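Note that the numbering runs from 1 along the sequence shown for the chain. Everything quoted here is computed from the prediction, not taken from an experiment.
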Amino acid sequence: MEKIKFITDTACDIPLSTALAQGVEEAPLTVTVLGRTYRESYDISPQEFYDLCGQSKELPVSAGVNSTEYLSRLERAWQEEYTAACIVCINARGSVCYTAACHARDDFFEEHPEAEGKFRVEIVDSRTYSIAYGIPVMKAARMAKNGRSLDEILAFFDDWFDRVEIYFCPLSFEYVRRSGRVSRTIAFVGDTLGIRPVIHIIEGHTAADAKVRGNGKITEAMEKIAVSRMLPAGDYGILVGTPRDLAEDLERRLTAYTGHPPAVVESAGPCITINGGPRLVAFCCLNRAPRGEFGVTGKLYQTAGTVMEAAAKTAAAAAGTAAKTAAAAAKAGEEILKNVAGKLNK
């Protein structure tokens with residue numbers, strides 16, 4: 001049986017203790033606030049970060065995992081006689097983590113040529129954020145303990161990341177304004193009127209799905225979105241900053257709709273907070289169907305299918321042309337033979 005080490009990053013918003021209980025390692029992103037840099041989850045908790053955000057006049061900044069962090073974890077897995085390592089990263093379009101993991105893999109095999117063919121390293125771009133990739137990593141670790149192969153787990157990741165969606169609502173425009181996602185005017189008008197946007201993140205892209213007035217209608221709007229798009233039998237999770245009452249109400253609503261509780265209810269970590277602010281509530285879920293042609297995986301399958309279809313048509317056309325040419329040659333040969341036979345008879 002394969003012995004698989006799962007590695008992810010702290011932006012997955014799964015507590016370190018929960019991850020370690022499943023044998024999953026989290027490489028730290030860093031955040032800088034009030035002139036000091038912290039390793040996310042290791043040096044600072046979400047609640048401590050919320051407090052520092054309230055004191056800071058400047059927008060905190062984050063930095064991705066460096067390749068050395070990933071390399072040290074690959075080294076340890078090899079030394080502990082794992083047969084494979086699977087690194088699942090935050091969306092590659094929003095962070096350098098995926099690139100760093102790829103460099104670490106290349107450096108590892110350069111330093112350990114003896115590991116070729118004995119130690120497999122797979123790197124997965126989740127194409128999403130927070131618990132939307134934290135949940136499947138924890139589930140994958142359990143699958144491995146139950147004897148599922150790495151290929152089966154990679155297929156599970158393909159399906160999950162081609163379905164997963166995030167919906168979040170910032171209760172203030174302050175952080176989305178400071179991060180440059182909306183103008184100062186829109187932020188001022190939005191906060192003045194008490195507008196609360198429910199924004200989706202799908203394949204790394206964002207757009208508003210609903211806008212409500214006041215905090216009281218946020219969870220109702222989220223419930224409507226869930227009913228229209230969510231796979232009820234699938235795992236889902238809830239993420240929250242400071243508005244715990246909204247998270248509790250959302251949990252009641254989604255549990256009533258799906259018939260089962262969320263896989264996790266976690267605090268939004270610093271990297272998410274920087275973009276949405278401490279006052280936010282969110283949930284992630286699986287769509288009823290894969291995005292297919294819209295998702296990265298689907299596009300690959302679609303491209304492969306198109307290429308195969310074109311190749312088949314080309315082959316068929318070539319075969320048809322060859323058959324016509326052969327028939328024409330046979331007919332010409334037959335005419336020549338007739339002419340020769342006629343002359344001989346004379």
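Glu81 and Lys3 are not joined by a salt bridge, as no carboxylate oxygen comes within less than 4.0 angstrom of a charged side-chain nitrogen. Between Lys224 and Glu220 there is a salt bridge, since a side-chain N of the basic residue sits under 4.0 Å from a carboxylate O of the acidic one. Ionic pairing of Arg93 and Asp125 is not present here: no N-O contact between side-chain nitrogen and carboxylate oxygen is shorter than 4.0 angstrom. Ion pairing between Glu69 and Arg73 holds under the 4.0 Å rule for side-chain N and carboxylate O. Remark: Arg105 does not engage Glu122 in a salt bridge, criterion side-chain N to carboxylate O under 4.0 Å.
A distance-only check finds a donor-acceptor pair linking the side chain of Ser228 to the backbone of Ile225 [under 3.5 Å]. Looking only at distances, a side-chain donor or acceptor of Glu48 sits under 3.5 Å from a matching main-chain atom of Ser45. Arg120 places no side-chain N or O within donor-acceptor distance of the main-chain N or O of Thr83, the cut-off being under 3.5 Å. Judged purely by atom type and a 3.5 angstrom limit, Glu2 uses its side chain to pair as donor or acceptor with the backbone of Leu150. Side-chain atoms of Arg291 come within 3.5 Å of backbone N or O of Phe161 as a donor-acceptor pair. Distance alone, capped at 3.5 Å, places no donor-acceptor pair between the Arg196 side chain and the Lys211 backbone. Judged purely by atom type and a 3.5 angstrom limit, Asp13 uses its side chain to pair as donor or acceptor with the backbone of Gly269. Listed for the Ser56 side chain is no donor-acceptor partner under 3.5 Å among the backbone atoms of Val33.
One finds the CD1 atom of Ile90 at 7.0 Å from the OG atom of Ser126 (value rounded to the nearest 0.5 Å). For the atom pair CZ of Phe6 and CE of Met143, the computed distance is 8.0 Å after rounding to the nearest 0.5 Å. With rounding to the nearest 0.5 Å, the separation of CD1 in Ile201 from CG in Asn91 is 9.0 Å. Taking CG of Leu280 as the reference point, atom OG1 of Thr242 lies at 7.5 Å (rounded to 0.5 Å).
Between the side chains of Tyr167 and Arg229, a donor-acceptor pair is found at a separation under 3.5 Å. Under 3.5 Å, the side chains of Ser41 and Glu26 contain no donor-acceptor pair of N or O atoms. Checked by atom type, the side-chain pair Thr219/Arg253 shows a donor-acceptor distance below 3.5 Å. Side-chain atoms of Tyr133 and Asp9 form a donor-acceptor pair, as typed in the model, at a separation below 3.5 Å. No side-chain N or O of Tyr38 forms a donor-acceptor pair with one of Glu40 less than 3.5 Å apart. The closest side-chain donor-acceptor pair between His112 and Glu114 falls under 3.5 angstrom. For the residue pair Ser149 and Glu152, a side-chain donor N or O sits within less than 3.5 Å of a side-chain acceptor on the partner. Using a 3.5 Å distance cut-off with no hydrogens or angles, the side chains of Thr37 and Thr32 do pair a donor with an acceptor.
The closest side-chain heavy-atom distance from Leu239 to Ile166 is not below 4.5 Å. Residues Cys12 and Ser130 have side chains not in contact (no heavy-atom distance under 4.5 Å, counting atoms from C-beta outward). Counting heavy atoms from C-beta on, the side chains of Val240 and Leu246 never come closer than 4.5 Å. Side-chain contact between Val61 and Ile274 is absent, with no heavy atoms from C-beta onward closer than 4.5 Å. Considering only heavy atoms from C-beta on, Asp159 comes within 4.5 Å of Pro290 through its side chain. Looking at Leu52 and Ile44, their side chains come closer than 4.5 Å, going by heavy atoms from C-beta outward. Counting heavy atoms from C-beta on, the side chains of Met138 and Val264 never come closer than 4.5 Å. In this structure, the side chains of Val137 and Val24 come closer than 4.5 Å at one or more pairs of heavy atoms.
Connectivity analysis of hydrophobic side chains (ILVMFWY, heavy atoms under 4.5 Å, direct or indirect) links Leu16 to Tyr42.
Heavy atoms of other residues, nucleotides or ligands lying less than 6.0 angstrom from CD of Glu116 number more than 12. Within a 6.0 Å radius of NZ in Lys118, other residues, nucleotides and ligands contribute 12 heavy atoms or fewer.
Across every non-hydrogen atom of Ala221 and Ala210, the tightest pair is CB-CB, 4.5 Å. Nearest heavy-atom pair across Ser172 and Arg279 is CB-NH1, 3.9 Å. Across all their heavy atoms, Pro136 and Phe156 have their closest contact at O-CE2, 3.6 Å. Summarising the geometry of Cys89 relative to Tyr70, their closest heavy-atom pair is SG-OH, 4.0 Å, with the distance given to 0.1 Å. Across Ala19 and Ile14, no two heavy atoms sit closer than the pair N-CG2, 4.2 Å.
In this structure, Phe283 has its ring center at least 6.0 angstrom away from the ring center of Phe168. The six-membered or imidazole ring of His260 lies near that of Tyr236, with a centre-to-centre distance under 6.0 Å.
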